[in-house]
Enquirer: 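Let me give you the structure first, and then I'll get to my questions.
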Amino acid sequence: MGAHDGGGAREAVGANISHGAADLVRARAQLLEGGLPRNPRLDAESLRLALVDLYELWLTTKGTEVGITRDSGLALVAVGGLGRGEMLPYSDLDLVLLHDDVDPKLVAEIADQLWYPLWDAHIKLDHSVRTVAQAVRVATDDMVAALGMLEARHIVGDPELSALLIGEVRRNWRTGIRTRFDELITQVEARWQRSGEIAHRAEPDLKNGRGGLRDIQLLDALAIAQLTDAVPGLGPDVPGGGLTIAHRRLLDVRTELHRVAGRARDQLRAQDADEIGAALRIGDRFDLARTLSDSARTVGYSVDVGLRTAANALPRRGLARLRRLPVRRPLDEGVVEHSGEVVLARDARPQRDPGLILRVAASSARTGLPMSATTLNRLSEDAPELREPWPRGALNDLLILLGAGRGVIGAIEALDRTGLWGRLLPEWGAVRDLPPRDAQHVWTVDRHLMETVARAGSMSTRVARPDLLALGALLHDIGKGRAGDHSVVGAELATHIGRRLGLWPSDVSTLHAIVRYHLLLPDTATRRDLADPQTVQRVVDALDGDVQLLELLHTLAEADSLATGPGVWGEWKASLIGELVRRCRLVMAGEPLPTPEPIAPALIAKAKTGGVHVELRQGEGKYTYAVTVIAPDGTGLLSDAAGVLALHSLRVLSASLGSEGDSAIDEFLVSPEFGNPPDAGLLRQELIRAINGQLDVSTALAKREREAVGARASKYANAEPKLLWTKTSVPGQVILELRAEDRIGLLSRLAGALEHTNTDVRWAKVVTMGSAVVDSFCLDLGIDDTEKRRATIANAVLAMVARPEPRKPDGDRPAT
């Protein structure tokens, strides 16, 4: 019940209606207009309940009058809004007159006495006269009719006749859903295509749009088929109150839309939004848009879960019946793939593992597999807060999540709808579902941030710090929804967030500057005279002459524009910003060259003893380990060492490569993909096998990657790899910097590519930032430092970086 008790209004109006439908119309108008002593104006929910009572009263009275009684062999059944008990002011009246062994002439006469008064009063009526068998046959042949009759409710007459229809329709729906599921999905997706997403439409279709009332009815239909729950659990901290609240809000808005329009209407018009928001005590049109976005996205997430759960619950067909039972494939520590979803491993302990949320989300974004609703609910209930500053592993998992291309959007959306994203990033609440204030933006602010992150992921190789680009893309508009300049406010928030994430102080300062000046380049380039030296100098001074920051802002400006809406980024804008950046670079100083890391004296002493040594020790993080490899320097050693680590599911986070005398000293910071790392002795034995040619590292890596890519359709950001050549002060020595997306055994492949081109690597520094790598190799080309020689090396490196195409999944039903 809403804020007003509608009981008195229903009694007063009901007492005044006669058997004529004209009185029904007048009574409806009285409810809509208010003016009764006890109920000056009914709220939306009370109005719906009053209308249900009003129509039931009229139909029951009229039905009894014309002979539709308990023993008449006739029954009047309501479907649609009246069947659901959700009667809106101007909704159609959907009725079915059932008969059983009754004279057809008599049935026709009774139907006319029932329908004609409604038609005469201009009440929209969708009616049919059928036997139970005929109605069941229609529901079997027509999907739309079937969905409608699943909501059927007895009004007057023989209740056993109504119960027979309702029972048969529901039983046929349950038994026939396996063969009708594909048709159901096709119809749902066609409806979404026609009507769009409620959350991101200026004038949304509240009934048919994605996230609307039809989708809630779809969930009810899946529940009747016993394939899923009608109200899937969303966790204790779900924003907006969950599916039940979302359903009521959508109904309330549509109810007021009818009342304002004075007729049936599904599409919310912009000119009605302020009045509806005020009537519902929500606020202005922007507040109403935010409420609708929250509700629609909650419904949309619930439908995604419902359809996925239903698809998994259906028995397999055809050749799929012969396949083995689904296996649990490890994805990360405590995370596995099962039945096409990301779930927790059996030995996972969410209560003791605060980083598990991010590992689950990163695995989902990286593989393109959805997170199980059960897993998200369990994390919502059991996972503790991450301590501040975050462990390094948690930050790395966040970067993997942000660097996953389009996969990041679905993963963050799922986390947000279940309350987990707000737990990780409390500042998100101010931008969640926040509508745009100008027509250029097509997304809510939070979705725009996700879109920008996805766009930036495909540009990560343009910058030396893809991690800061990803974080800047995520936070550049985080200051919106608060008082003050969002760039200034957001920069302060970014500083607090950066410290919480455990960034270095210098990186926190850069993140602050990214958010503070994310509009500097586009605003200056499109509004100032670029030929004026003072224009360029102002930009250089604002950025404190930081070339790296300029590079980050340049890339973010493009990602931000592309994520705003169509036409925001074009050749004109790109050329202006590019010219401004070029002029700023001329004024700024160059970047310092990479240098090799110093080698610890103890490692130098061990190298002098000769032989092969492998040491493994716990790193700073819970899931990071330091591996030191000392072995006779020679062709293929780096490739073999890195390959052995990859074959044992150790992901290289960073590496520093050096030498002492005839021995190579390579230090790796690694993280196991899952479980504990292998024993150092085993790694040493495998490395010796590789050095002696007994283990073909390259072939083994290729096989492992084919299996991984074939098993899960990955959604990478598809950033183009980038190579940068820089001369050093030593003649013949150059630094080759590779920016690329990570992949299984990448360092081993790169080393192999350089070795196959007979290139001498003097030293190397390898850094993995989430799903991106920035690897620097000091190459000794001697007198052969020519364009042709560099091109040969570049081609070999790029060929190794190329990622294999994932195998397309071969399912027996549409993906949901």
Side-chain angles (χ1 to χ4, degrees), residues 358 361-362 365 386 388-390 394-404 408-409 411-413 415-416 420-434 436 441 443-457 459-460 463 465-522 543 548-549 551-564 717 769-770 772:
L358 283 166
L386 276 165
E388 298 182 15
W390 283 14
L395 174 59
N396 191 64
D397 287 325
L398 174 64
L399 295 174
I400 293 175
L401 169 62
L402 299 182
V408 68
I409 297 174
I412 292 182
E413 184 76 2
L415 290 182
D416 197 33
L420 290 167
W421 187 244
R423 187 185 302 180
L424 296 169
L425 195 63
E427 295 82 359
W428 197 257
V431 298
R432 180 184 294 113
D433 297 301
L434 187 65
H441 284 78
W443 305 108
T444 55
V445 174
D446 57 335
R447 177 61 183 268
H448 167 72
L449 291 175
M450 290 185 256
E451 291 283 337
T452 306
V453 170
R455 296 279 188 175
M459 305 173 187
S460 61
V463 299
R465 292 297 304 272
D467 54 338
L468 294 179
L469 174 64
L471 292 172
L474 179 69
L475 301 177
H476 73 278
D477 279 344
I478 197 68
K480 289 188 174 180
R482 298 173 170 86
D485 184 334
H486 82 277
S487 297
V488 176
V489 174
E492 293 304 314
L493 292 173
T495 297
H496 296 306
I497 293 170
R499 290 170 180 163
R500 185 193 313 145
L501 299 182
L503 298 180
W504 291 106
S506 58
D507 289 344
V508 172
S509 298
T510 301
L511 184 60
H512 176 281
I514 291 173
V515 177
R516 174 66 183 85
Y517 296 114
H518 72 274
L519 295 176
L520 177 63
L521 296 183
L543 304 185
Q548 186 180 89
L549 177 57
E551 177 185 69
L552 288 165
L553 290 175
H554 186 192
T555 306
L556 178 58
E558 182 175 348
D560 186 13
S561 296
L562 290 171
T564 297
M769 306 171 189

Enquirer: Tell me every residue that passes side-chain hydrogen bond (donor to acceptor under 3.5 Å, both in side chains) with Asp397, counting only those two or more places apart in sequence or in another chain.
Expert: none
Enquirer: Nearest 0.5 Å, please: how far is CG in Leu358 from CG in Leu402?
Expert: 9.0 Å
Enquirer: Give, for atom CG of Asp477 and atom NZ of Lys480, the distance between the pair rounded to the nearest 0.5 Å.
Expert: 4.0 Å
Enquirer: Side-chain contact test, heavy atoms from C-beta onward, threshold under 4.5 Å: evaluate it for Leu520 versus Leu543 and give yes or no.
Expert: yes
Enquirer: I need the Leu493 CG to Trp428 CH2 distance, nearest 0.5 Å.
Expert: 12.5 Å
Enquirer: Which residues pass the side-chain hydrogen bond (donor to acceptor under 3.5 Å, both in side chains) test with Ser561, not counting sequence neighbours?
Expert: Lys573
Enquirer: Working to the nearest 0.5 Å, report the span between CZ of Arg423 and CG of Leu415.
Expert: 10.5 Å
Enquirer: Can you name the side-chain hydrogen bond (donor to acceptor under 3.5 Å, both in side chains) partners of Arg500, sequence neighbours left out?
Expert: Glu427
Enquirer: Taking only residues two or more places apart in sequence or in another chain, which ones pass side chain to side chain contact (heavy atoms under 4.5 Å, CB included) with Leu399?
Expert: Leu395, Asp467, Leu471
Enquirer: How many angstroms lie between atom CZ of Arg516 and atom OG of Ser509, to the nearest 0.5 angstrom?
Expert: 14.5 Å
Enquirer: So which atom in Ile400 and which in Ala362 form the shortest heavy-atom distance, rounded to 0.1 Å?
Expert: CG2-CB, 3.9 Å
Enquirer: Ignoring hydrogens, what is the shortest heavy-atom contact between Ile514 and Leu553? Give both atom names and the distance.
Expert: O-CD2, 3.6 Å
Enquirer: Sequence neighbours excluded, which residues qualify as ring-ring contact (aromatic ring centres under 6.0 Å, His included) partners of Trp390?
Expert: none
Enquirer: Can you name the closest pair of heavy atoms from Trp443 and Ala563 and give their distance?
Expert: CD1-O, 3.2 Å
Enquirer: Would you say that Leu556 contacts Thr452 through its side chain, given a criterion of any heavy-atom pair below 4.5 Å between the two side chains?
Expert: yes
Enquirer: Determine which pairs satisfy ring-ring contact (aromatic ring centres under 6.0 Å, His included) with at least one residue from residues 471-515, sequence neighbours left out, and list them in order.
Expert: His448-His476, His476-His518, His486-His518
Enquirer: If you look at every heavy atom in Pro436 and Thr444, which pair is closest and at what distance?
Expert: CD-CA, 4.3 Å
Enquirer: Considering non-hydrogen atoms only, spot the tightest contact between Leu552 and Thr510 and give its length.
Expert: CD1-CG2, 4.0 Å
Enquirer: Identify the two heavy atoms, one from Ala494 and one from Leu511, that lie closest to each other, and give their separation to 0.1 Å.
Expert: O-CD2, 3.7 Å
Enquirer: Scan residues 501-513 for pairs that pass salt bridge (Lys or Arg N to Asp or Glu O under 4.0 Å), counting only residues two or more places apart or in two chains.
Expert: Arg465-Asp507
Enquirer: Does Ala456 have any side chain to side chain contact (heavy atoms under 4.5 Å, CB included) partners at least two apart in sequence or in another chain, and if so, which?
Expert: Leu469, Ala473, Ala559
Enquirer: Holding to salt bridge (Lys or Arg N to Asp or Glu O under 4.0 Å), I want the full list of residues that pass it with Asp560, two or more places apart in sequence or in another chain.
Expert: none
Enquirer: Look up atom CG in Leu424 and atom CG in Leu398, then write down how far apart they are to the nearest 0.5 Å.
Expert: 8.0 Å
Enquirer: Between Ser487 and Val515, is there a side-chain heavy-atom distance shorter than 4.5 Å?
Expert: no
Enquirer: Holding to salt bridge (Lys or Arg N to Asp or Glu O under 4.0 Å), I want the full list of residues that pass it with Glu558, two or more places apart in sequence or in another chain.
Expert: Arg462
